[in-house]
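Convention: sequence-line order gives letters A, B, ...; per-chain numbering from 1.
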Amino acid sequence: MAMIHSAPAEAVKRSVPIRAMSTQTPAEHELAELIVTSLNLPGRKAADIAPEAALFGGELGLDSIDALELSLAISKHYGVSLRSDEGDNKRIFASLRELAAHIEQHRATAQ
Amino acid sequence: MRVVAWLGLIALLVLAHRYDTHGALDALPAIISALIGWLFARTLARGRTPLIARAIAAIDGAGLLADANVALYARRLTLIWAIYQYALAGIAGALALHAHGWLALPPLAMPGWFGFVWLPAAVALMFVGEFALRPWLLPQAPRKNLFVFAGALVRAWPQLLREPGTTLASPHWSERREGGGRFALWLIRTIGLRLGRPAARALLYPITVYFFFRRTPERRASRAFLSRALGTPASTWQVLRHIHCYAATILDRVFLLARSTRGFDIHVSGLDQVEAQIAHGRGVLLLGAHIGSFEALRVLADSRPQLRLRFVMDRGQTPALTQLLHALNPAVAQMAIDVRGDGADSVLAIRDAAHEGALIGLLGDRARVDEATRDAEFFGAPAAFPIAPYLIASALELPVVLCFGLYRGGNRYDVYFETLAERMHIPRADRVVQLAQWTQRYASRLEHYTRLDPTNWFNFYDFWRRPVAAEPAVRDSIAGSAV
């Protein structure tokens, strides 16, 4: 299966204010904790994951198997199911920030 | 040009197949002549190097071709040879038809005389004539005596059939263009469904011969594999049988998809194993390989229409074949999970299928270019096997059942099911060890089933080729993209 490519850098820059570059919101921190524990990333702390850095292929180096495990952990933890057929996954999985925003949005509509 | 050659060859071979062996013998010189004519003609296509130009490059050096006069001579002589061979083929064909009373000709020589005496003589005469005129027509080339010239030509012959500049190294399987093309597939389907399987199977002989000559890397890979599997150098006959087996199973996919298993004699073993896993209702990963016909597992769906089947496949690899098969059975298109495109989409689609309790078919032998693999002993040497099937099954806690469908000639298929894991569970901390074990188990079982009939092995490339680049060291050494 093809590598999951990170979103173009321009798209990330546009959606993120410069000042917020490296601080996680509480929601992002919660998700970062889930990523680190569910994927068992050695030597990684949740606080180390930069909100706008690429989750896949980048420094964190997650792969599509990780995407699968992460989707299972997210549906268990948040009750939010990531869809396979919306064609949006490249954007949703682009960064911690995008993923957290997606979860918050779908959690809100579910309640 | 190619289509015409194809049609001519097929028509003649069908005639040869349908009528007595004497008729086949009469048609042979025409077929061979047409084939040689086509070998010349095809090199005249735009962007290709004329056959005579290749010969000049091989015998006298490529430098000569820089001269525009030499290039023109080469192109014209190639054209003359093509026309000459086609003309001889036409005469031989007409005489063969005449001999069978299908074509009224004045009482001339019998086809045997023409085909086996006059035709070769005419070719030899043309060759000697060309050689005799060479000092005048091609003064740039160094003089050679006839035997040296002919000897050099014979030695250079295999390389003349290859477009210069194309690599001899075994390419990765995904870099090889699909063989046959849309036209051939359309032809097989049309003949198969209109005239029936026996008529279509008669076409497999010319197709086998065509594949044998046209697909040099595949032919080499076949010979290398059979030699490895049989433990002795494989003969040309065995290579032809190997290609024929492959062509036969591709043809049968048409019937299996259009009419399901009707008319086939399919023997299933280990059905109880897969049924036990289905009974758990949490989905099953069916792990197959590019051997025989994975399509034969449709035998399962026949007895249980409510069963959900999904196939993980790469539609981009064989677009013509995929398009054809989907046209035959649109439901199949919906059953496919395409691995092209976003990796997350395909793994999530597999997750959804598992949650529906589907049987998910996946082939576990070929790795894509950037896919993470583990080495396992296979036919006496290490080969790289993808690890994604085991990781996916583990993440989804799925049972894994091996599934291999071997073609046994005629209309007979043997389908084997064998449980690999009741419930795949690979803890992250233990990945390195367990992945090595699972890939080795898979490789050993695949070897076992392939040995039952090595001509069912359909990876026509160097399966043991070592990857060019070293695997990047990502976390527990699972490369960036695992699926």
Separation of [Y] [atom2] from [X] [atom1] (nearest 0.5 Å):
X	Y	atom1	atom2	value
B:E397	A:L72	CD	CG	8.5 Å
A:S75	B:R351	OG	CZ	6.5 Å
A:S64	B:L391	OG	CG	9.5 Å

Original post:
Side chains of A:R83 and B:D352: does their closest heavy-atom pair fall under 4.5 Å?
Top reply: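 No, every pair of side-chain atoms sits at 4.5 Å or beyond.
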**OP:** Could you tell me which non-hydrogen atom of B:V347 sits nearest to which non-hydrogen atom of A:L68, and how far apart they are?
**Re:**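 Shortest heavy-atom separation between B:V347 and A:L68 comes out as O-CD1, 3.7 Å.
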